[in-house]
Amino acid sequence: MGEIDPAFIQETEYRPIFKTIEADEEIPLIDLSVSTPSDTERSCVKDWRSEQEVGIFSSDQSWGAVGTKAKDREDPTLIPASDDPDDKELRVLTNQWPHKPSELRELCQEYTRQVEKLAFKLLELISLSLGLPADRLNGYFKDQISFARFNHYPPCPAPHLALGVGRHKDGGALTILSQDDVGGLQIGRRSDGEWIPVKPIPDAFIINIGNCMQVWSNDLYWSAEHRVVVNSQRERLSIPFFFFPSHYVDIKPLDELINEQNPAKYKEFNWGKFFASRNRSDYKKREGENIQIDHFKASE
Ligand code: OGA
Ligand code: NI
């Protein structure tokens, strides 16, 4: 195998240290396939109490149980052209579909339609778990800017020097990740920052809590830092679906969850501007801080 391009070599402090950690029992597995919705809802609401410590969970979901037909998402998607708060210009995001394979476009669209239904189901269950009406958060997704991405991680000649994706927290509400059986995703444990491998479970999605959910819930839900390590033997594929609110939504802790004893832990921020800023800096090798949700922490 060839040499590694120096552009991929991480600073020493970000290089992965390979050691065996078996801690996947810390990541709850939630079965959404139980037939009656009320059972599903009860078990999820209960299980998510523990999930709040972990910031990530797996969801076992058969397609048949995902619900009724969702609206077709229209291309194009509009997002802010820049992260400058005074710049009101919007930019059009359009998919560049390759001609081959010819079924790709239809297949991807069907995948995102189905996974979007799951996202709304999860959103509603999370709202219930917070003691809120099931549809409390739905309005923020009227012109959602959600998208799916295909990640391909080729075998790497020097896995100890590089990362597939550098450490980050997902910015949106939720991420629904489908991964193959290779493995490589790791989350930073909340208590001590230790990197815990997220082992692939057949037919289960990985659900990441994103920054917006953390802020809406005023820290009842927590968005876990994660990264991807690579290996020298096998390529890996993953498909994250990023469930993102409409760009014009301002994100702040929900009024119902704050009071004098429990004040808002975050200042309000505009989701589209936050996304525009993150989008430019994510996936680069880290050179200083990029914008993080902690920058919006209310002062104590
Ligand atoms: C991401 C991400 C994880 C993976 O794309 O934000 O965290 O396993 N991907 O590919
Ligand atoms: Ni991510």
Side-chain angles (χ1 to χ4, degrees), residues 8 10 14 16 18 21 23-24 26-27 29 51 54-59 61 77 79 93 95 108 111-112 115-116 118-119 122 144-156 159 162-190 193 195-215 221-231 233-245 271 274-286 289-294:
F8 291 107
Q10 296 279 334
Y14 297 126
F18 289 91
I21 297 176
D24 38 299
E26 292 184 33
I27 299 171
L29 176 65
E51 184 278 329
V54 187
I56 190 168
F57 56 95
S58 309
S59 148
Q61 170 74 59
T77 301
I79 62 158
L93 289 184
N95 271 317
C108 291
Y111 180 78
T112 48
V115 102
E116 183 187 311
L118 174 59
L122 294 168
Q144 53 170 305
I145 55 170
S146 306
F147 64 92
R149 183 171 56 214
F150 288 77
N151 290 332
H152 176 232
Y153 304 94
C156 171
L163 285 171
V165 179
R167 54 181 236 190
H168 67 283
K169 298 180 179 192
D170 291 349
L174 298 170
T175 306
I176 300 180
L177 180 93
S178 163
Q179 60 170 337
D180 63 16
D181 64 346
V182 174
L185 175 62
Q186 299 180 330
I187 58 163
R189 185 158 56 195
R190 192 175 192 178
W195 289 105
I196 308 293
V198 181
K199 285 219 192 107
I201 302 174
D203 298 327
F205 290 110
I206 304 300
I207 315 293
N208 268 331
I209 298 293
N211 287 157
C212 294
M213 187 60 74
Q214 176 169 331
V215 171
Y221 278 91
W222 181 69
S223 170
E225 191 160 53
H226 53 282
R227 68 179 187 181
V228 176
V229 297
V230 282
N231 74 84
Q233 302 299 316
R234 293 181 65 192
E235 64 176 355
R236 173 173 182 264
L237 289 166
S238 74
I239 312 175
F241 172 78
F242 298 100
F243 191 41
F244 283 179
W271 160 243
F274 184 76
F275 170 68
S277 159
R278 282 291 289 270
N279 211 26
R280 290 191 3 231
S281 51
D282 260 2
Y283 305 105
K284 288 189 184 157
K285 273 193 303 181
R286 296 260 291 202
E289 279 289 290
N290 59 14
I291 188 165
Q292 297 296 333
I293 198 62
D294 287 351

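Every number for a ligand or one of its atoms is a count from 1 in the order of the listing.
- At least one heavy atom of Leu177 lies less than 4.0 angstrom from ligand 1.
- Residue contact check: Asn151 has heavy atoms under 4.0 Å from atoms 5 (O), 9 (N), 10 (O) of ligand 1.
- Using cut-offs of 30° and 60° for the angle between ring planes, the Phe244 and Phe275 rings count as perpendicular.
- Counting only heavy atoms from C-beta outward, the side chains of Leu174 and Ile209 approach each other to under 4.5 Å.
- Close N/O approach between Asn208 and ligand 1 is not found [any backbone or side-chain N/O within under 3.5 Å].
- Using a 4.5 Å heavy-atom cutoff, the side chains of Cys212 and Phe274 are not in contact.
- Each of Arg278, Arg227, Gln292, His226 was compared with His168 under the side chain to side chain donor-acceptor pair (under 3.5 Å) criterion, and only His226 meets it.
- With ligand atoms numbered from 1 in the order given, ligand 1 contributes 5 (O) to contacts under 4.0 Å with heavy atoms of Pro240.
- Side chains of Val182 and Glu235 form no contact here, defined as non-hydrogen atoms less than 4.5 Å apart.
- Against a heavy-atom cut-off of under 4.0 Å, Phe242 is close to the following atoms of ligand 1: 1 (C), 5 (O), 6 (O).
- Looking at Arg236 against ligand 1, only its side chain comes within 4.0 Å, counting heavy atoms.
- Each of the following atoms of ligand 1 lies closer than 4.0 Å to a heavy atom of Arg149: 1 (C), 5 (O), 6 (O).
- Of the candidates Leu118, Asn208, Thr112, Ile176 forms a side-chain contact (heavy atoms from CB on, under 4.5 Å) with just one, namely Leu118.
- For the Ni ion (ligand 2), the nearest N, O or S atom contributed by Asp170 is named OD1.
- Of the heavy atoms in Gln179, none comes closer than 4.0 Å to ligand 1.
- Side-chain atoms of Arg167 and Gln186 include no donor-acceptor pair closer than 3.5 Å.
- Residue His226 touches ligand 1 through its side chain alone, judged by heavy-atom distances below 4.0 Å.
- Between Arg234 and Pro155, the shortest heavy-atom distance links the atoms C-CG, 3.9 Å.
- Close contacts of ligand 1 with Val228, meaning ligand atoms under 4.0 Å from a residue heavy atom, involve 3 (C), 4 (C), 8 (O), 10 (O).
- Residue-ligand proximity, Ser238 to ligand 1, at heavy-atom distances under 4.0 Å covers atoms 4 (C), 8 (O), 10 (O).
- Proximity of Asp170 to ligand 1, defined as any heavy-atom pair under 4.0 Å, is confined to the side chain (atoms from C-beta onward).
- Side-chain contact between Val228 and Arg236 is present, with at least one heavy-atom pair separated by less than 4.5 Å.
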